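Contents: one structure, followed by commentary.
Predicted model only: the values in this text are computed from it and were never measured. Hydrogens, waters and symmetry mates are skipped; everything else that's a heavy atom, side chains included, is used. One is the number of the first residue; the rest follow in order along the sequence.
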Amino acid sequence: MLVGPSASGKSVWASEHFAPDQVVSSDRLRALVGESEHDLAASADAFDLLDRIVAARMGRRLTTVVDTLGLEPDRRRHWMSLAHRRRVPTVAVVFDTPAAECRRRNAARDHRVPAGVLAHQQRNFAEQRALLEDEGYDEVLPIQAVRMVPAAVAAAARAAEAVAAKADLGGRRLRFGLHLSSWDAPGGAPELRDRVRDVAGRAEAAGFDSIWVMDHMRQIPQNGRAWDDMLESTTTLGYLAGATSRTTLGALVNCVTYRNIAHLGKIVSTLDVLSSGRAWCGLGLGWYADEHHAYGWRFPSVAERYTMLEDALRVLPLMWGKGSPSFSGSVTSVPEAMAYPRPLAGRVPMLVGGSGERRTLRLAAQYADACNLFGDVETVRHKVEVLRRHCADLERDPADVEVTHLGTVLVAGDATELSSEVERRQPPRQHAQWSRRVTAGTVDDHVLRARGLQAVGVEHVIVSLVGIWDSPAIERFGDVIDACRR
């Protein structure tokens, strides 16, 4: 809500910092229902329409700038109640423009507010200004530059702030991973080999701790078309092992239905040896029924896939251990569990993907070295609490299970670049869906987001970068990594 007398700069400020569709202006509505913005006879209808628009926008929890004089406490309380019903924060922006400056601006207008009316507004403003601090706003702000950030960033910043007030987050080193989820590099397949090597090298230089690939044979619907280029995961990880020297490598995650589990154990141990001990083994149920059907694989029920996942988590450590013990699980049998050469550390850390509270997170707590979550900070906070409860039930230290988080992000150097990149990358007619899937922000925004995730228990932030093949997205996120570590 903007609060200030005529000519204090409210409408200009709103137009500079918000999109036109986010601003609900009594003047503009007066023009819609009357003869012009200055048709005072249309004011009642204009404000009736304004109230309905604000109510509709609050129903959708949309950022809304109410551009009126803001000098009537009953109206302010009404708009605040509309926001509070939908858990939308309320902010009053106070335009303490000197009275002389308001008079000067008013005198330069084509349609001037009568001097007596402006003087009355200024007296009223002084009275209303004193009331604002006690009306229950989340914040009362002076005129200042502002910028819209994604809801995910705002929520993460609040989480980080709340934790930082109690404890220092700087003592825990946050790890970062790069997730390669699409292969639409310029030049297509003939240039893909060199571009993958280039991306891997740049990721290491930028400070990423890990590189992950998807375990899919064709592109998933969230990312593109089934016939878009998709590299097979195990072969790609082998190539990445030769293209890197420091980052850990893994599939996020291997689907337990795609391969014989003993064979997967052999693949992962080979990757570990040839990468000098940098392999991780991600495991998950699998979900893409069309992919199974296209390749002629059986797509078991959810219950059977959970059984296969638990068998995999039990037998793989045997595959990587000494000797050749037999294993007989619920649905998996391995007469001789061995994979020589063994992983260099004697085992490979395992990560369970998925955030199902009853079974997936319990399996992670029981068997795995890490879990992988997704969603906003409040969702992650809840999932971490569930994981910790499972650890307590199993008498396992929750610190032994690393919490990782996967998200798709677009990162830009500043607000101008961000606006340009969002406009360039958003699919036509799919803006809302794209915005829900992609967290777009500046370097500073993503530092806040990473800190917020850390505040609710995330130790390893993994990102799929929009524009990875044709923009400095890796270097931009390297700035995020550097800022978080500093």
Side-chain angles (χ1 to χ4, degrees), residues 152 155 159 177 179 212 214-216 220-222 250-259 261 264 280-292 297-318 327-333 348-408 436-437 452-462:
H179 186 240
W212 307 82
M214 294 200 303
D215 188 25
H216 285 290
I220 60 176
Q222 299 93 310
L252 196 63
V253 287
N254 291 290
C255 174
V256 293
T257 60
Y258 288 165
R259 298 169 193 85
I261 290 300
L264 177 63
W280 271 71
C281 181
L283 294 167
L285 294 182
W287 57 270
Y288 195 5
D290 287 351
E291 186 172 53
H292 285 76
W297 292 319
R298 190 172 66 90
F299 187 54
S301 67
V302 172
E304 185 177 351
R305 280 181 278 143
Y306 266 116
T307 303
M308 294 171 70
L309 176 59
E310 183 165 12
D311 278 357
L313 289 163
R314 293 173 58 203
V315 73
L316 285 173
L318 299 179
F327 173 81
S328 181
S330 298
V331 295
T332 305
S333 294
V348 174
M350 297 185 295
L351 175 151
V352 170
S355 55
E357 296 180 16
R358 188 173 64 87
R359 298 200 62 183
T360 306
L361 290 179
R362 188 170 184 85
L363 289 174
Q366 186 168 3
Y367 298 106
D369 303 277
C371 67
N372 182 248
L373 307 176
F374 45 86
D376 60 26
V377 290
E378 288 308 315
T379 299
V380 173
R381 186 199 304 274
H382 172 69
K383 300 294 183 181
V384 170
E385 289 172 355
V386 172
L387 175 71
R388 289 171 177 166
R389 288 198 296 270
H390 284 311
C391 286
D393 290 343
L394 296 163
E395 299 184 346
R396 186 178 184 192
D397 186 348
D400 292 340
V401 185
E402 182 181 62
V403 177
T404 75
H405 179 274
L406 175 63
T408 300
R436 284 193 293 270
R437 188 173 66 85
L453 290 170
Q454 184 183 26
V456 296
V458 173
E459 300 157 274
H460 195 157
V461 175
I462 303 171

| remark: Result for side-chain contact (heavy atoms from CB on, under 4.5 Å) between Leu351 and one of Asn254, Val401, Thr404, Leu283 points to Thr404
| query | Roughly how far, to the nearest 0.5 Å, is the CZ atom of Arg362 from the OH atom of Tyr306? | reply | 13.0 Å
| task | Taking the side chain as every heavy atom from C-beta outward, state whether Val386 and Lys383 have any pair of such atoms under 4.5 Å apart. | result | no
| said: How close do Thr360 and Ser355 get, counting heavy atoms only, and between which atoms? | reply: CG2-N, 4.2 Å
| Can you say whether the rings of Tyr258 and His292 are parallel (under 30°), tilted (30 to 60°) or perpendicular (over 60°)? | tilted
| task | State which residues pass side chain to side chain donor-acceptor pair (under 3.5 Å) with Thr307; sequence neighbours excluded, sorted by chain then number. | result | none
| query | In chain order, what residues pass the side chain to side chain contact (heavy atoms under 4.5 Å, CB included) check against Arg381, with sequence neighbours excluded? | reply | Ala159, Glu378, Glu385, Val456
| Any Ile462 side-chain heavy atom under 4.5 Å of Asn372 side chain | yes
| remark: Smallest heavy-atom separation, Ala312 atom then Val256 atom, equals CB-CG1, 4.2 Å
| query | Could you go step by step and tell me if Asp400 and Asp369 meet the side-chain contact (heavy atoms from CB on, under 4.5 Å) rule? | reply | CA-CA 6 Å; Asp400 292 340; Asp369 303 277; over 6 Å; no
| message | Working note: Asp311 + Ile261, criterion side-chain contact (heavy atoms from CB on, under 4.5 Å); need CA distance, chi angles, decisive distance, verdict. | response | CA-CA 9 Å; Asp311 278 357; Ile261 290 300; over 6 Å; no
| remark: Residues Phe299 and Trp287: closest non-hydrogen pair is CZ-O, 3.7 Å
| From His179 NE2 over to Leu406 CG, what is the distance, rounded to the nearest 0.5 angstrom? | 5.5 Å
| Would you call Cys391 and Asp397 a side-chain contact if the rule is heavy atoms closer than 4.5 Å? | no
| Listed partners of Glu310 passing salt bridge (charged side-chain N to carboxylate O under 4.0 Å, His left out), at least two apart | none
| remark: Looking only at heavy atoms, the pair that brings Leu387 and Ala364 closest together is CD1-CB, 4.4 Å
| pair Tyr367-Leu309: side-chain heavy atoms closer than 4.5 Å | no
| With side chains defined as the heavy atoms from C-beta onward, is the minimum distance between His390 and Arg396 less than 4.5 Å? | no
| request: Apply salt bridge (charged side-chain N to carboxylate O under 4.0 Å, His left out) to Arg305 and list each qualifying residue two or more places apart in sequence or on a separate chain. | output: none
| task | Can you see which heavy atom on Arg314 is nearest to which on Gly329, and at what distance? | result | NH1-CA, 4.2 Å
| query | side chain to side chain contact (heavy atoms under 4.5 Å, CB included) with Glu304: which residues, sequence neighbours excluded? | reply | Arg298, Pro300, Ser301, Met308
| message | Would Val458 and Leu373 count as a side-chain contact (heavy atoms from CB on, under 4.5 Å) here? Give the steps. | response | CA-CA 9 Å; Val458 173; Leu373 307 176; 5.7 Å; no
| Which pair of non-hydrogen atoms, one from Ala251 and one from Asp215, has the smallest distance, and what is that distance? | CB-CB, 4.5 Å
| said: If I take atom CH2 from residue Trp297 and atom CD from residue Glu291, how far apart are they, to the nearest 0.5 angstrom? | reply: 6.0 Å
| query | With a cut-off of 6.0 Å (strictly less than), are more than 12 heavy atoms of other residues, nucleotides or ligands near OH of Tyr288? | reply | yes
| said: So Leu361 and Arg389, do their side chains get closer than 4.5 Å, heavy atoms only? | reply: no
| request: Quick one: list whatever passes side chain to side chain donor-acceptor pair (under 3.5 Å) with His460, sequence neighbours left out. | output: Arg175, Ser210, Glu402
